[in-house]
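Reminder, nothing fancy here: chain letters follow the sequence lines and each chain counts from 1.
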Amino acid sequence: MQLNPAQQAAVDHRGSPLLVLAGAGTGKTRVITHRVAALMDEGVPPWRILAVTFTNKAAAEMRARMEKMCEGKVDVSQLWVGTFHSISARILRRHGESVGLSRNFAIYDTDDQTRLMKRVFKEMNRDDEQIKPRAILGHLDQLKNRGLTIDQVDQLGLEGFMTRLVALLGRRYQELLRAADASDFGDLLVLAVKLLEKAGTEQPRPGAQLVDVDPVVGLKRRFLHVVVDEYQDTNPVQARLVELLSQRAQLCVVGDDDQAIYGWRGADVSQILGFPDRQPGCELIRLEQNYRSTGHILHCADAIIRRNEGRLGKTLWSELGDGALVVLRACEDEREEARFVVNEILDALNEDIPPEEIAVFYRTHAQSRVIEQQLTDNGMRYAIFGGLGFFERKEIKDALAYLRLLQNPASDLDFTRIVNEPARGIGDTTVGRLTALAANRNVALLEVARNPEEAGVSGAAAKRLALFVAMIDELTARLHAGTPLGQLAAEVLERTGYRDALVQEGSEESEARVENLDEFVGALTEFAQDNPEQTLADYLEQVSLVSDADGGGRGEVRAVRLMTIHSAKGLEFEKVILTGMEEKVFPHSRSIAGEEAAREEGRRLRPEERAQLEEERRLAYVAVTRAKRQLVVTYARRRRLYNQEFIGTPSRFVRDLPPDSVRGRVPGVVRREAPAVPAQLQAMLSSPPPRPAAPARERSWNSDIVYDEGVAARPAARTRAPIASDDAPSLYKGMQVRHRQYGEGTLVGWDGTGSNLKLAINFPGVGVKTILARFCEPL
DNA sequence: TGTTATTGTGTTTTT
DNA sequence: CACAATAACA
């Protein structure tokens, strides 16, 4: 297929920075691959070209496409293609000494991070705090994403005590991380940037020769062309990294501001919006012809995204014709929704759509369970993207921990993970004593374990420790003797008794685990055969950077796909079923929180609150634009989630759909439905008196809902919100209620149903409190 | 010390 | 509901 003029221009542009604004389905990847191929055609050496993607899968795909395109002509393996994280890791692996990382440093994933932070909590006696390790890590990560150091915590705008806590615990966390010769995801980027920034700033020694030039400086000058995909999702550190590597390169960034969905992770859309301003002479090219979806789908996408402010603005068009109408379906509850999904899948299969071209999307992982159940009941195979991957299973993580400990004896986290796994009588007390001494002397746990007596570990435990240490030493020797990786892994599992312990257990679960371990050994053997020159460190790195995206180990190829919308980014399917389209599900309740608060306080939305909502909207846009020919959208009236029943209102995104492109009734303007008053409260209600039971509930659940947008603007107290005319006695905003302790107050909102109904009441002089309805009585 | 029962608690999206 | 942290027990 020929490139269209805009695409061709993006491929051909040379000489100045280039921003390609590529709408969904406009052939972005084609442009990138063609551009890189063209560069190589022109004689740019492959090793002087860098292509950065977001996921490993995208990187692998790109490389594959290049190989196909350049068959035989150029050595594509010389190209630098990778994710921000893998490229950083690669740089640090080679040159990381100056920022405190050895050649074999470990990469900690989220789980490792949490465990390490928990240790910090314990060490500093903070485990009683309400604050959880995850929270601190979250802030720490945010810090890193913005390229700030721990001394700049205050710039995060946290509350005072949190700022102090993050600084205190974060600092110690970093110390331990470095001491363990490890890096977390955030540090990979931060340290790579630090390394590159430092290079070349030192005064050259007198008489230094050109050959003495710092290799890192060479790295900065290496690339002549840099291409970045999904630029809208980069965070400041990533952008800085790209800049540093583009010292001599022509920079080409590709992205779509309407698909920026990682703001919560520190990504900053203004990066792409401000790119032309930051880059003198920057050329901007828009790709707007969509080759993926049919008309009605695009109309829906546009109807959703056009309501966002602060976008560069693009209108997608297509030559594919209107195609089928988008199907909209209201379901009674999540089970019916799941059944409907199954039916839709069956329909598609009957139309000969291959299963892997059918995808079911949901906002959060928690929603997948019901659908999975229903699919299983109907004997349908499916592949889940995301969730617990192979390398996140306990047994695999244990095996990896053993290997990492062999590779890196300083890794205390791995030590503690497996020292008593399988149980060998080295319990918390023993480990506690070791930890105390290790912290004191600033040495690794494994070192301390060599002299247990000094740590005050008694005879029996000391003996067991000695055995453990001897075993680790032997295995370490095997590693350094060059034992093939697969065999080494097998020996580890044998010698440590890990495999035996599982076999002994004899349960169905343990059996599965043994199988997983065998698979792991197999994978390692295969890896060693395919990459004879690669070491254990290389393998460990590859594993820790691999995410759900590549689906390599698990997942049927010929199976329906289930995934969150986030993981759907960059993919496309013949038929997409978008589920759970209700307020508080999608848009997620956390994104709406600000809006509700604003309504209750009678103020306007704060910028960050609006930004969150706009991000949800972009997420909806991403979801819709994944569909090639068929799009089905479902929502449920009632939904059980987290063991709580929620009354659903159709998502605002559903209400935005253009009726002309939709089959099924687009719910009109809607407001939150007034919940039925629970019996307890109802009994207490004296006025207004309960009306005789009305058959109101029989009616279509949308019909009695009236939208009133004005609520947000008006002060809550004066809003005498409508009680659904013929409904049982209802709550209404402005209603006066009494609480034993707080006295009389004004109802400003509510949440939940039945005995979980919570009222938000504004008590004069006290403020707004959220109280279970049964503790309140109406006046 | 290690295992099991119980309570409690949260519950987005990911490299 | 699911899972993690804690308490009680062997």
Within 6.0 angstrom of A:Lys194 NZ, more than 12 heavy atoms from elsewhere: no
Rounded interatomic separation in angstrom, taking CZ from A:Arg617 and C1' from B:dT13: 18 Å
Residue list, salt bridge (Lys or Arg N to Asp or Glu O under 4.0 Å) with A:Arg115, at least two apart or on another chain: none
A:Phe468 ring center within less than 6.0 Å of A:Phe415 ring center: yes
A:Thr430, nearest nucleotide to its side chain (from B:dT1, B:dT14, B:dT15): B:dT1
Sugar-phosphate only, base, or nothing, as touched by A:Lys569 at under 4.0 Å among non-hydrogen atoms: nothing
Identified side-chain hydrogen bond (donor to acceptor under 3.5 Å, both in side chains) partner of A:Ser591 from the options A:Gln612, A:Glu615, A:Glu616, A:Glu609: A:Glu616
Plane angle bin for A:Phe361 and A:Phe573 - parallel if under 30°, tilted between 30 and 60°, otherwise perpendicular: perpendicular
Cation-aromatic face contact A:Lys569/A:Phe54, 6.0 Å, 45 degrees: yes
Watson-Crick or G-U stems of DNA chain B, 3 or more pairs, under 3.5 Å, by first number: B:1-10 with C:1-10
Distance, rounded to the nearest Å, where A:Arg618 contributes CZ and B:dT13 contributes P: 18 Å
More than 12 heavy atoms from other groups under 6.0 Å of NZ on A:Lys394: yes
Separation of C:dA5 P from A:Arg134 CZ (nearest whole Å): 10 Å
Spacing of A:Asn145 atom CG relative to B:dT14 atom P, expressed in whole Å: 15 Å
Contacts of type side chain to side chain contact (heavy atoms under 4.5 Å, CB included), residue A:Asn104, not counting sequence neighbours: A:Ser102, A:Gln407, A:Ala537
Side-chain N,O (A:Ser567) to OP1/OP2 (B:dT13) below 4.0 Å: no
Rounded C1' spacing from B:dT13 to C:dA4 in Å: 22 Å
Touch class at under 4.0 angstrom, heavy-atom based, for A:Phe84 against every strand present: nothing
Ring-face cation of A:Arg93 near A:Phe105 (centre distance under 6.0 Å, axis angle within 45°): yes
Whole-Å distance separating the CD atom of A:Gln367 from the C1' atom of C:dC1: 15 Å
A:Trp264 six-ring centre to A:Arg590 NZ/CZ under 6.0 Å and within 45° of normal: no
Sugar-phosphate, base or nothing in reach of A:Thr234, heavy atoms under 4.0 Å: nothing
Any A:Thr53 side-chain nitrogen or oxygen under 4.0 Å from OP1 or OP2 of B:dT15: no
Residue mapping more 5' on DNA chain B - nearest nucleotide basis, A:Arg464 or A:Thr564: A:Arg464
Distance-only polar pair, side chains of A:Asp187 and A:Gln174, donor-acceptor under 3.5 Å: yes
Spacing of A:Gln542 atom CD relative to B:dT15 atom C1', expressed in whole Å: 15 Å
Length of the CD1-P vector between A:Ile87 and B:dT15, whole Å: 15 Å
Upstream residue (5' side of DNA chain B) when A:Ala461 and A:Glu615 are each assigned their closest nucleotide: A:Ala461
Distances under 3.5 Å only, N/O to N/O: pair up the protein atoms with those of nucleotides 2-6 of chain B.
{"from": "B:dG2", "atom 1": "OP1", "to": "A:Gly425", "atom 2": "N", "distance (Å)": "2.7"}
{"from": "B:dG2", "atom 1": "OP2", "to": "A:Asn420", "atom 2": "ND2", "distance (Å)": "3.1"}

Rounded distance (Å) that lies between atom C1' of C:dA4 and atom CZ of A:Arg115: 14 Å
Just the table, please: protein N/O against nucleotides 8-12 of chain B N/O, every pair under 3.5 Å.
{"from": "B:dT12", "atom 1": "O4'", "to": "A:His588", "atom 2": "NE2", "distance (Å)": "3.4"}
{"from": "B:dT12", "atom 1": "O2", "to": "A:Arg363", "atom 2": "NH1", "distance (Å)": "3.4"}
{"from": "B:dT12", "atom 1": "O2", "to": "A:Arg363", "atom 2": "NH2", "distance (Å)": "2.3"}
{"from": "B:dT12", "atom 1": "O4", "to": "A:Arg590", "atom 2": "NE", "distance (Å)": "3.3"}

Residues in salt bridge (Lys or Arg N to Asp or Glu O under 4.0 Å) contact with A:Glu453, at least two apart in sequence or another chain: none
